[in-house]
Amino acid sequence: QVQPVESGGGLVQAGDSLRLSCAASGRTFSRFTMGWFRQAPGNEREFVATISASGGSTAYADSVKGRFTISRDNAKNTVYLQMDSLKPEDTAVYYCAIAYRGVIATRQNEYDNWGQGTQVTVSS
């Protein structure tokens, strides 16, 4: 199995940028779709962004489109989430997940392994 581990969370101010990283073990990382989800207090976990195995396809939640960018470096077994123009409503625990498929996936039940999450807090 490929286990994702997130890093890069923290406390920032509204308008700032932050980059999350997700490192995944295993030689087959480049074959699988990766995704980012988030869960704010009192809310259900929601989709944020996904990237295909090759990196050629991406998809975003409407709430982050134009502000967040997902990318991957298959040589480093790492996927990134660049978050710009952060808003207080982006405050959440961010989870990285891997889906044992190659094409993009936006539903949680399409993902097989999940990281422990990293906290992102945006102050106003």
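Because the structure is predicted, anything quoted here is derived from the model rather than measured.
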Heavy atoms only: give me the nearest G10-L18 pair and the separation to one decimal.
-> N-CD2, 4.0 Å
With sequence neighbours left out, write down each residue that passes side-chain contact (heavy atoms from CB on, under 4.5 Å) with A40, or none if nothing qualifies.
-> N43, A92
L20 side chain near Y80 side chain, heavy-atom distance below 4.5 Å = no
Apply side chain to side chain contact (heavy atoms under 4.5 Å, CB included) to the pair F47 and W36, showing each step before the final yes or no.
-> CA-CA 7 Å; F47 166 74; W36 287 97; over 6 Å; no
From CA spacing to verdict: side chain to side chain contact (heavy atoms under 4.5 Å, CB included), Q116, V5 = CA-CA 7 Å; Q116 294 299 307; V5 178; over 6 Å; no
Does the side chain of I51 reach to within under 4.5 Å of the side chain of T33, using non-hydrogen atoms?
-> no
Summary of disulfide bond (SG atoms under 2.5 Å apart) pairs that have at least one residue in residues 6-103, sequence neighbours excluded | C22-C96
Transitive ILVMFWY side-chain link L81 to I98, under 4.5 Å | yes
Those residues that, when tested against E46, pass salt bridge (charged side-chain N to carboxylate O under 4.0 Å, His left out) (two or more places apart) = R38
How does the hydrophobic cluster around I104 look, that is, which other residues are in it when side-chain heavy atoms under 4.5 Å mark a link?
-> none
Sequence-distant partners of Y94, ring pair (Phe, Tyr, Trp, His ring centres under 6.0 Å), two or more places apart = none
Closest contact, heavy atoms only, V2 versus A24 = CG1-CB, 3.4 Å
Qualifying residues under side-chain hydrogen bond (donor to acceptor under 3.5 Å, both in side chains), relative to T121, sequence neighbours excluded | Q119
Taken in chain and number order and not counting sequence neighbours, the residues that satisfy side-chain hydrogen bond (donor to acceptor under 3.5 Å, both in side chains) with T50 are Y111
Taking atom CD of Q82 as the centre, does the number of heavy atoms from other residues, nucleotides or ligands within less than 6.0 Å exceed 12?
-> yes
Closest heavy-atom pair and its distance - T106, A59 | CG2-CB, 4.4 Å
Flag the pair T118 / V93 as yes when at least one side-chain heavy-atom distance between them is below 4.5 Å, and no otherwise.
-> no
Please step through side chain to side chain contact (heavy atoms under 4.5 Å, CB included) for the pair Y95 and E6, ending with a clear verdict.
-> CA-CA 7 Å; Y95 297 90; E6 307 94 337; 4.0 Å; yes
Are K87 and V122 side-chain neighbours, meaning at least one heavy-atom pair lies under 4.5 Å?
-> no
Closest approach of A49 to Y60 (non-hydrogen atoms, all atoms of both residues) = CB-CD2, 3.7 Å
Just list the side-chain donor-acceptor pairs under 3.5 Å for residues 67-75, sequence neighbours left out, or say none.
from : atom 1 : to  : atom 2 : distance (Å)
R67  : NH1    : S85 : O      : 3.0
R67  : NH1    : D90 : OD2    : 2.8
R67  : NH2    : S63 : O      : 2.9
R67  : NH2    : D90 : OD1    : 3.0
R67  : NH2    : D90 : OD2    : 3.4
R72  : NE     : A53 : O      : 3.4
R72  : NE     : N74 : OD1    : 2.7
R72  : NH1    : F32 : O      : 2.8
R72  : NH1    : S52 : O      : 2.8
R72  : NH2    : F29 : O      : 3.0
R72  : NH2    : F32 : O      : 3.0
R72  : NH2    : N74 : OD1    : 3.3
D73  : OD1    : A75 : N      : 3.1
D73  : OD1    : K76 : N      : 3.4
N74  : ND2    : A53 : O      : 3.1

Listed partners of R101 passing salt bridge (charged side-chain N to carboxylate O under 4.0 Å, His left out), at least two apart = E110
With sequence neighbours left out, what residues match N109 under side-chain hydrogen bond (donor to acceptor under 3.5 Å, both in side chains)?
-> none
In chain order, what residues pass the side-chain hydrogen bond (donor to acceptor under 3.5 Å, both in side chains) check against N113, with sequence neighbours excluded?
-> Y100
Keeping to residues at least two apart or across chains, list the side-chain hydrogen bond (donor to acceptor under 3.5 Å, both in side chains) pairs with something in residues 9-20.
-> S17-D84
